[in-house]
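Report on the following structure.
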Number of protein chains: 2
Amino acid sequence: MSTTTLSRKDQIEQSATALFKSRGYAATSMRDLATELGLEAASLYSHIKSKEEILQRICFRMANEFFEGLEQAEKTLGNSKEKLEAAIKSHLTVLTKQPAASAVFQNEWKHLSEPFLSDFLKLRNDYENHFRQIIKAGNASGEFTISDEKMATLMLLSSLNFVHTWYKPEGNLTPEQISETLCNMLLNGIVSGQKSQKTIPQEDLKQSIHQN
Amino acid sequence: MSTTTLSRKDQIEQSATALFKSRGYAATSMRDLATELGLEAASLYSHIKSKEEILQRICFRMANEFFEGLEQAEKTLGNSKEKLEAAIKSHLTVLTKQPAASAVFQNEWKHLSEPFLSDFLKLRNDYENHFRQIIKAGNASGEFTISDEKMATLMLLSSLNFVHTWYKPEGNLTPEQISETLCNMLLNGIVSGQKSQKTIPQEDLKQSIHQN
DNA sequence: CGCTCTTGCTAACGAACGTTAGGTTGTTTA
DNA sequence: TAAACAACCTAACGTTCGTTAGCAAGAGCG
């Protein structure tokens with residue numbers, strides 16, 4: 001249903017997202033994209049202004065989605081740990097709902113031209129700072145004992161952002177299970193982490209982390 | 001010293017590594033690379049066979065370095081936790097000693113052509129499996145209580161592999177401090193992690209995780 | 001001295017790139 | 001029914017791409 005009601009422009013964006021993820025922005029030609037959609041390269045320009053416009057739409061749309069989720073999570077009542085958990089889960093929700101677009105968001109933003117590049121980096125930096133503030137607050141209240149707030153933030157986001165390299169929507173692991181397990185590992189550690197309540201079947205993940 | 005004794009081919013590889021990291025392989029032209037070295041694009045072909053040969057050399061050299069480090073780490077005497085720690089530290093040593101080449105290794109391998117691509121993926125998969133085996137052994141001996149070995153492995157490597165996005169050799173954080181802190185966070189968790197012995201100054205990391 | 005090797009040059013190749021111009025078709029709207 | 005629009009086409013543009021051919025200057029060595 002959602003597929004049929006998609007405007008041509010959105011269809012282009014969708015195909016482009018898949019191609020940009022698997023081949024990279026620079027290595028994807030407009031002719032590649034056109035072929036994927038069953039038309040000629042020149043025809044794309046009835047719907048879009050330029051190749052980069054597609055990338056801009058993907059990057060800034062995802063930036064907005066991540067941000068909106070985070071703002072919701074920050075409204076969570078409770079202590080810092082619960083806020084951090086909510087933020088992590090929100091991030092993973094966006095990421096698992098749109099894994100391809102997330103991958104493009106993560107890996108291809110560097111091909112944005114100015115002033116879009118600067119705008120994008122500002123957004124990303126803001127997002128990171130929001131996470132850091134949560135950690136900082138938890139440290140201040142004595143809830144956390146994190147020796148290096150900045151590194152903790154970076155490690156946290158790194159772990160989350162790599163999920164798109166191995167997450168497969170058709171796999172057996174639900175986004176909720178991933179959230180649960182990952183959240184537990186990150187907060188409590190791999191080694192000393194408590195077992196999660198639900199038992200998660202072991203054969204859910206593909207053997208490889210490779211991005212194909 | 002090491003710069004002056006570098007063969008022309010190695011100089012090309014070095015410049016290419018920096019360019020591939022910052023712009024990506026596909027978006028880096030041979031003319032870009034030549035300009036960086038102060039010569040004409042055609043002149044590069046006195047030293048290399050093709051653009052891809054450079055990428056191959058970077059990717060497989062790094063694969064070897066990661067593997068050699070891991071094999072050393074696996075010889076570590078002691079329990080699984082100590083072995084895992086040694087493996088993590090070895091990985092971070094390679095990564096911090098050659099951050100640019102590591103970034104290329106992580107992000108640009110997809111532009112390898114067959115049969116190099118398959119060879120490369122096999123190596124990466126093997127590497128990942130070695131990590132998983134360590135975790136598995138720790139679980140079996142009762143040392144770890146990791147509910148999802150595969151996800152733990154992926155999360156572990158993801159955290160490590162993203163270090164190149166924020167590590168700056170000229171920063172105040174030494175590779176050893178990074179190893180120490182990261183190892184502690186990963187194994188014991190961000191929240192409940194013990195403070196590391198050494199106090200680490202807070203202003204060492206740049207504000208941003210962006211890859212410039 | 002003469003030979004070879006290294007290192008670089010200029011010129012140019014065919015292919016692929018993003019994009020534009022201008023035209024055709026079929027559908028919707030006044 | 002006529003006008004307007006959406007969607008797509010062919011043809012082609014100027015540019016850049018990776019790469020090759022052929023040549024020249026200098027260094028090291030017999």
* Structure fact -> One would report the end-axis bend of the helix from C:dC1-D:dG30 to C:dA30-D:dT1, five pairs per end and rounded to 10 degrees, as 10°
Would you list the protein and nucleotides 25-27 of chain D atom pairs, both N or O, that sit under 3.5 Å from each other?
none

* Please state how far atom CG in A:Leu33 lies from atom P in C:dG18, giving the value in whole angstrom units. => 10 Å
* To do: Please list, chain by chain and in numerical order, all residues satisfying ring-ring contact (aromatic ring centres under 6.0 Å, His included) with B:Phe67, sequence neighbours excluded.
  => B:Tyr127, B:His130
Name each donor-acceptor pair under 3.5 Å that joins a side chain in residues 31-41 of chain B to protein atoms two or more places apart or in another chain, with its distance.
unit_1, atom_1, unit_2, atom_2, d
B:Asp32, OD1, B:Ser29, OG, 3.4
B:Asp32, OD2, B:Arg23, NH1, 3.0
B:Asp32, OD2, B:Ser29, N, 3.1
B:Asp32, OD2, B:Ser29, OG, 3.3
B:Thr35, OG1, B:Arg31, O, 2.7

* Over how many whole Å does the gap from B:Glu52 atom CD to D:dT19 atom C1' extend? -> 14 Å
Find every protein N or O atom lying less than 3.5 Å from an N or O atom of nucleotides 5-9 of chain D, and list the pairs.
unit_1, atom_1, unit_2, atom_2, d
D:dC8, OP1, A:Arg8, NE, 3.1
D:dC8, OP1, A:Arg8, NH2, 3.1
D:dC8, OP2, A:Arg8, NE, 3.1
D:dC9, OP2, A:Glu40, N, 2.7
D:dC9, OP2, A:Ser43, OG, 2.5

* To do: Report yes or no: does A:Thr165 contribute a side-chain atom to a donor-acceptor pair with the main-chain N or O of A:Phe162 at less than 3.5 Å?
  => yes
* Asked: Do other residues, nucleotides or ligands put more than 12 heavy atoms under 6.0 Å from A:Lys136 NZ?
  -> no
* Structure fact -> Considering only heavy side-chain atoms of A:Ser50, the closest of C:dT19, C:dC17, D:dT19 is C:dT19
* To do: Assert yes or no for the condition that the ring centre distance of B:Phe20 to B:Phe105 is strictly below 6.0 Å.
  => no
* Asked: Once you round it to whole Å, what is the distance between C1' of C:dT10 and CG of B:Leu44?
  -> 15 Å
* How close or far is atom C1' of C:dA16 from atom NZ of A:Lys51, stated in whole angstroms? -> 12 Å
* **Distance-only donor-acceptor check, side chains A:Glu52 and A:Ser113, under 3.5 Å** => yes
* Could you tell me the separation between the CG atom of B:Leu6 and the P atom of C:dT7, rounded to a whole number of Å? => 12 Å
* Nucleotide C:dC17, atom C1' - distance to OH of A:Tyr25 in whole Å -> 12 Å
* Can you tell me how far the CG atom of A:Leu182 sits from the NZ atom of A:Lys89, to the nearest 0.5 Å? -> 11.0 Å
* **Partners meeting salt bridge (Lys or Arg N to Asp or Glu O under 4.0 Å) with B:Glu65 (sequence neighbours left out)** => B:Arg61
* **Between P of C:dT10 and CZ of B:Arg31, the distance in whole Å** => 13 Å
* Asked: Distance under 6.0 Å and angle within 45° of the ring axis: does B:Lys51 meet both against B:Tyr25?
  -> yes
* Say whether, by atom type as modelled, one donor and one acceptor occur between the side chain of A:Thr181 and the main chain of A:Ile178 under 3.5 angstrom. => no
* **Value in whole Å for how far the C1' atom of D:dT19 lies from CG of B:Asp32** => 16 Å
* **Residue pair A:Glu114 / A:Ser118, side-chain donor-acceptor N/O under 3.5 Å** => yes
